[in-house]
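Residue numbers start at 1 and run along the sequence shown. All values below come from the heavy atoms of this structure, side chains included, with hydrogens, waters and symmetry mates left out.
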Amino acid sequence: MNWFRKGADGKFLWPGYGENVRVLKWILERVEGRGAAQETPIGYVPTKNGLTLDGLKISEEAVNELLRVNPEDWENEMDDSKQFFGKFGERLPRQIREEQEKLARRFQSVVTA
C-alpha cells in the first residue's frame, strides 16, 4: 500500500500517522492468519474489509485508490530501487537482489498478460 498516495486534489488519501495503528492491526492479524488480504505483484495487501475503518472519515474511493496496485505506478519505483541497490555492488546481500528480480518478473507477467 502507498500510504503517501495523493488524490486529484493533491491531498493525502490516508488520514495520517495517527491512523496507522489500523494498518499495524491488520499486519498482526495477517501474522495470526486472520487478516483478509489480496495477492498482488508486490505481495499481499489488505482487502477493503481487512482494515478496521470504523469511525474513520475516508471515502470508499480513497480506500480503493490506496489498495490499488497499478504496474505503471511501480515502474519508476522499481527503476529507482534497482539504481539504489546498484550502489552497493557486491556488498548487497544476494537475497535482496533476488527479491528485486522476483518482483520485476511478477510485474512483467502482469504487464504482458
Side-chain angles (χ1 to χ4, degrees):
M1 294 189 63
N2 182 351
W3 300 113
F4 302 103
R5 187 175 282 170
K6 294 182 180 181
D9 61 1
K11 295 182 180 179
F12 291 108
L13 296 171
W14 187 246
Y17 289 111
E19 301 300 340
N20 286 354
V21 71
R22 297 167 188 269
V23 180
L24 295 173
K25 179 180 182 283
W26 175 79
I27 292 169
L28 293 173
E29 289 171 350
R30 285 286 299 153
V31 169
E32 295 170 348
R34 298 182 293 117
Q38 152 181 338
E39 190 172 9
T40 73
I42 61 168
Y44 290 93
V45 299
T47 62
K48 282 192 284 191
N49 298 328
L51 290 172
T52 303
L53 301 176
D54 301 349
L56 191 61
K57 293 181 181 178
I58 187 169
S59 70
E60 184 174 348
E61 293 80 21
V63 173
N64 289 339
E65 183 63 18
L66 285 166
L67 299 174
R68 183 178 63 85
V69 176
N70 184 353
E72 290 83 30
D73 294 343
W74 280 83
E75 206 170 305
N76 286 340
E77 180 68 30
M78 291 174 44
D79 288 343
D80 289 348
S81 63
K82 185 175 182 177
Q83 184 178 11
F84 175 73
F85 290 150
K87 293 178 182 180
F88 295 94
E90 293 302 315
R91 295 175 295 144
L92 184 72
R94 173 184 48 83
Q95 295 88 343
I96 293 176
R97 185 169 284 111
E98 288 172 357
E99 285 301 317
Q100 176 78 12
E101 291 167 358
K102 288 178 193 176
L103 177 64
R105 284 194 300 271
R106 287 193 303 267
F107 271 111
Q108 187 60 36
S109 68
V110 170
V111 171
T112 59

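- A single hydrophobic cluster is seen to contain both L56 and I27, as judged by linkage of ILVMFWY side chains at heavy-atom distances under 4.5 Å, directly or through other members.
- Rounding to the nearest 0.5 angstrom, the gap separating the CD1 atom in I42 from the CD atom in E77 is 9.5 Å.
- Rounding to the nearest 0.5 Å gives a distance of 9.0 Å between CG of L67 and CZ of R5.
- For the atom pair S81 OG and E99 CD, the distance stands at 12.0 Å (nearest 0.5 Å).
- For E32, the CD atom is densely surrounded, since the number of other residues' heavy atoms within 6.0 Å is greater than 12.
- Distance check: L92 CG to E90 CD gives 9.0 Å after rounding to the nearest 0.5 Å.
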Could you pull out every donor-acceptor pair under 3.5 Å between side chains of residues 45-55 and any protein atom, sequence neighbours left out?
{"from": "T47", "atom 1": "OG1", "to": "G50", "atom 2": "N", "distance (Å)": "3.0"}
{"from": "K48", "atom 1": "NZ", "to": "E60", "atom 2": "OE2", "distance (Å)": "3.2"}
{"from": "K48", "atom 1": "NZ", "to": "N64", "atom 2": "OD1", "distance (Å)": "3.4"}
{"from": "T52", "atom 1": "OG1", "to": "K25", "atom 2": "NZ", "distance (Å)": "3.0"}

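- Proximity of W14 to R22: side-chain heavy atoms (C-beta onward) are separated by under 4.5 Å at one or more points.
- Hydrophobic cluster membership differs between V21 and V23, with clusters built from Ile, Leu, Val, Met, Phe, Trp and Tyr side chains linked at under 4.5 angstrom.
- In terms of the salt bridge (Lys or Arg N to Asp or Glu O under 4.0 Å) criterion, residue partners of R94 (sequence neighbours excluded) are, by chain and number, E98.
- With contacts defined as side-chain heavy-atom distances shorter than 4.5 Å, the pair F4/L13 does not qualify.
- By the 4.5 Å heavy-atom criterion applied to side chains, Q100 and K82 are counted as neighbours.
- The two residues W26 and G35 make their nearest non-hydrogen contact at NE1-C, 3.9 Å.
- With rounding to the nearest 0.5 Å, the separation of CZ in R68 from CG in L66 is 10.0 Å.
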Query raised in the report: Which is it for R97 and E101 under the side chain to side chain contact (heavy atoms under 4.5 Å, CB included) test, yes or no, and what are the steps along the way?
Result: CA-CA 6 Å; R97 185 169 284 111; E101 291 167 358; 3.6 Å; yes
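- Formation of a donor-acceptor pair under 3.5 Å by the W74 side chain with backbone atoms of A104 is not found in this model.
- Note that the CZ atom of F107 and the OG1 atom of T40 stand 6.5 Å from one another [nearest 0.5 Å].
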